[in-house]
Structure formats: C-alpha cells, structure tokens
Amino acid sequence: MSAKGSENGPGGRHLPRRLLQLYAGLTAYGVSMGLMVRAGLGLEPWSVLNQGISEHTGLTIGTVTIVSGALILLLWVPLRQRVGLGTVSNVILLGLVMDGTMALVPAYSAPAVRIPMLALAVTLNGAATGLYLSARFGPGPRDGLMTGLHLRTGRPIRLVRTCIEVTVLAAGFALGGSVGVGTVVYALAIGPMAQFFLRIFAIKGLEEPSRVVAGKSAPEQAPAAPEERPTARETAPGCGS
C-alpha cells in the first residue's frame with residue numbers, strides 16, 4: 001500500500017485521535033494504579049505482585065512494574081505474539097506515571113478519604129481501559145501473555161486469565177503485597193466498566209480489529225470461536241496490563 005493510501009485508510013485517518021487515546025489512556029491507567037496504592041485498601045493482582053517484589057528489593061513499585069513488563073515481553077517470543085506501539089508504551093509509561101502519582105498524592109488514614117479514592121481509582125481505570133484498547137495499538141504485556149497462552153494451549157481464555165491472576169495474586173500476597181476489599185471491588189467492577197467505556201471511546205470507521213488486541217499473532221491462525229473471544233474484562237490491561 002502506498003503512503004498516500006495508508007494515510008487515507010481508516011487507521012491513518014484516525015491516527016491523531018488514536019494516539020491521543022492511547023497516551024491519555026495509559027497516563028490515566030498509571031494514575032489509577034498510583035491512587036489504588038495510596039488508598040491502601042487492596043490492589044489488583046499484578047500490582048499486588050509488583051508491590052510485594054518492591055518491598056523485597058527496595059525498588060519503587062513503578063520501577064518493578066516496568067521491569068516485570070519488560071520481562072513478560074520475553075515470554076511473547078515463544079508464544080509468537082506481535083509487539084505494537086501500545087505494548088511498548090504500556091511497559092514504559094505505566095510505571096513512570098504510577099510513581100509520579102504516588103509522589104504527588106500522600107497516603108491517608110481516614111476511611112472518608114481512602115474509600116472515595118478507591119472508587120475514583122477503579123472508575124478511572126475503567127475509563128483508561130476504554131481509551132487505551134479502543135486506540136488499537138496492541139495490548140499490554142500481561143494481556144498479550146494471556147491471549148498468547150490461550151492461542152497456544154487451546155484453553156478457554158477465561159480459564160487462562162483466571163489461572164494467571166490467581167497465581168500472580170497468591171505470589172504477591174506471599175511477598176507482602178496488599179490484598180483487600182479494593183482487590184475484590186476491582187475484580188467485580190472492572191469488566192462492566194471497561195465494556196461501558198469501550199463503547200464510549202470506540203472510534204467510528206476503525207472497523208478492522210487489531211489482530212494483536214484480538215490475540216491473533218499470525219495470518220494463518222483461525223479466529224477464536226465467538227464465545228472464546230476476549231471480553232472487555234479479559235482484554236483490560238493487567239498491570240494491569
């Protein structure tokens with residue numbers, strides 16, 4: 001395809017908006033992660049693990065998030081997942097924004113502050129998920145791991161995600177990561193909210209789905225059966241993502 005044709009195609013025509021949504025979504029996601037830590041009521045599974053590692057290494061949780069994301073990308077090689085701009089940006093930005101948010105927002109002890117902060121963090125995370133995934137620049141490293149394992153093992157994506165998150169949560173809890181009501185609230189709320197915001201931020205005219213987001217890594221692979229396609233909950237960045 002010529003450069004002109006590429007620019008006039010759906011992806012090129014919507015490129016400014018897609019880039020804006022990608023980086024606004026990743027920034028908001030990093031802020032939401034930092035706010036969940038500051039709320040002190042429990043984190044989502046991957047942050048539980050990253051916090052546990054942080055406590056044992058002396059590294060900030062944001063730094064651990066970056067390093068763990070990069071290491072997870074190495075697992076993409078045997079799974080033959082394709083790295084996109086969103087994937088690389090996810091690895092770099094989330095941890096930086098998370099640490100920056102925690103540097104600006106102090107920890108509070110009053111429930112009257114912590115509970116609304118948790119609610120804000122989970123809502124913001126859902127909105128960030130809608131922004132980021134609707135841009136279709138590829139999944140985060142953790143979601144790519146999930147879809148890659150789904151494609152290579154043939155196991156249902158719900159089962160793969162559950163196994164990954166239970167394992168990660170248990171390891172993080174054993175290392176001293178924060179598990180609490182926030183962990184449960186996130187697990188119950190993020191799916192419906194992500195699905196809602198995916199509809200809100202969908203880009204009209206961008207009809208061709210990203211094969212990376214859909215978990216398809218090679219042209220010859222058949223699409224997953226309709227009931228096994230990743231849902232909004234299943235494709236949400238798992239740092240998320």
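The figures here come from the full heavy-atom set of this structure, side chains too, leaving out hydrogens, waters and symmetry mates. Remember, it's a predicted structure, so these values are computed and weren't measured experimentally.
Minimum interatomic distance between Val48 and Gly172 (heavy atoms only, all atoms of both residues): CG1-C, 3.6 Å. Scanning all heavy atoms of the two residues, the minimum distance from Asn125 to Ile190 falls at OD1-CD1, 3.2 Å. Scanning both residues, Pro139 and Asp143, for their nearest heavy atoms gives CB-CB, 3.9 Å. Across every non-hydrogen atom of Thr153 and Val160, the tightest pair is OG1-CG2, 4.4 Å. Closest of all the heavy-atom pairs between Leu26 and Ser89 is CD1-CB, 3.5 Å. For the residue pair Ala121 and Ser32, the shortest heavy atom distance occurs at O-CB, 3.3 Å.
The shortest side-chain heavy-atom distance between Leu149 and Ile164 falls under the 4.5 Å cut-off. Counting only heavy atoms from C-beta outward, the side chains of Glu55 and Leu175 never approach each other to under 4.5 Å. The side-chain heavy atoms of Val179 and Leu43, taken from C-beta on, include no pair separated by under 4.5 Å. At a threshold of 4.5 Å between non-hydrogen side-chain atoms, the residues Met102 and Ile61 count as touching. Counting heavy atoms from C-beta on, the side chains of Val37 and Thr101 never come closer than 4.5 Å. In this structure, Phe201 and Leu133 have side chains that are not in contact, with every pair of non-hydrogen atoms separated by 4.5 Å or more. You'll find the side chain of Ile66 stays beyond 4.5 Å of the side chain of Leu94, heavy atoms only. Counting heavy atoms from C-beta outward, Ile72 and Trp46 have side chains that approach closer than 4.5 Å.
The closest side-chain donor-acceptor pair between Thr147 and Gln81 falls under 3.5 angstrom. Between the side chains of Ser54 and Gln51, no donor-acceptor pair of N or O atoms lies under 3.5 Å.
Seen from the ring of Tyr108, Arg38 does not count as a face-on cation partner, given the 6.0 Å and 45° thresholds.
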- Show your working on side-chain hydrogen bond (donor to acceptor under 3.5 Å, both in side chains) between Gln195 and Arg199 and close with a plain yes or no. CA-CA 7 Å; Gln195 192 169 31; Arg199 290 195 297 266; 4.8 Å; no

Run Phe137 and Leu19 through side chain to side chain contact (heavy atoms under 4.5 Å, CB included) and show every step you take. CA-CA 9 Å; Phe137 279 111; Leu19 288 170; 3.8 Å; yes

Run the numbers on Ser68 and Arg142 for side-chain hydrogen bond (donor to acceptor under 3.5 Å, both in side chains), then give the verdict.
-> CA-CA 9 Å; Ser68 65; Arg142 296 155 186 84; 2.8 Å; yes

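Side-chain heavy atoms closer than 4.5 Å link hydrophobic residues (I, L, V, M, F, W, Y) into clusters, and following such links, even through other members, never connects Val31 to Val122.
The line from CH2 of Trp76 to OG1 of Thr87 is 4.0 Å long, rounded to the nearest 0.5 Å. With rounding to the nearest 0.5 Å, the separation of CZ in Arg13 from CZ in Arg18 is 11.5 Å. Here Leu145 contributes atom CG and Arg161 contributes atom CZ; the two are 10.5 Å apart, rounded to the nearest 0.5 Å. Between Ile92 atom CD1 and Thr65 atom OG1 the span is 13.5 Å, to the nearest 0.5 Å. Taken from CD in Glu44 to CE in Met33, the straight-line distance is 6.0 Å, to the nearest 0.5 Å.
For OH of Tyr23, the number of neighbouring non-hydrogen atoms (other residues, nucleotides, ligands) closer than 6.0 Å is greater than 12.
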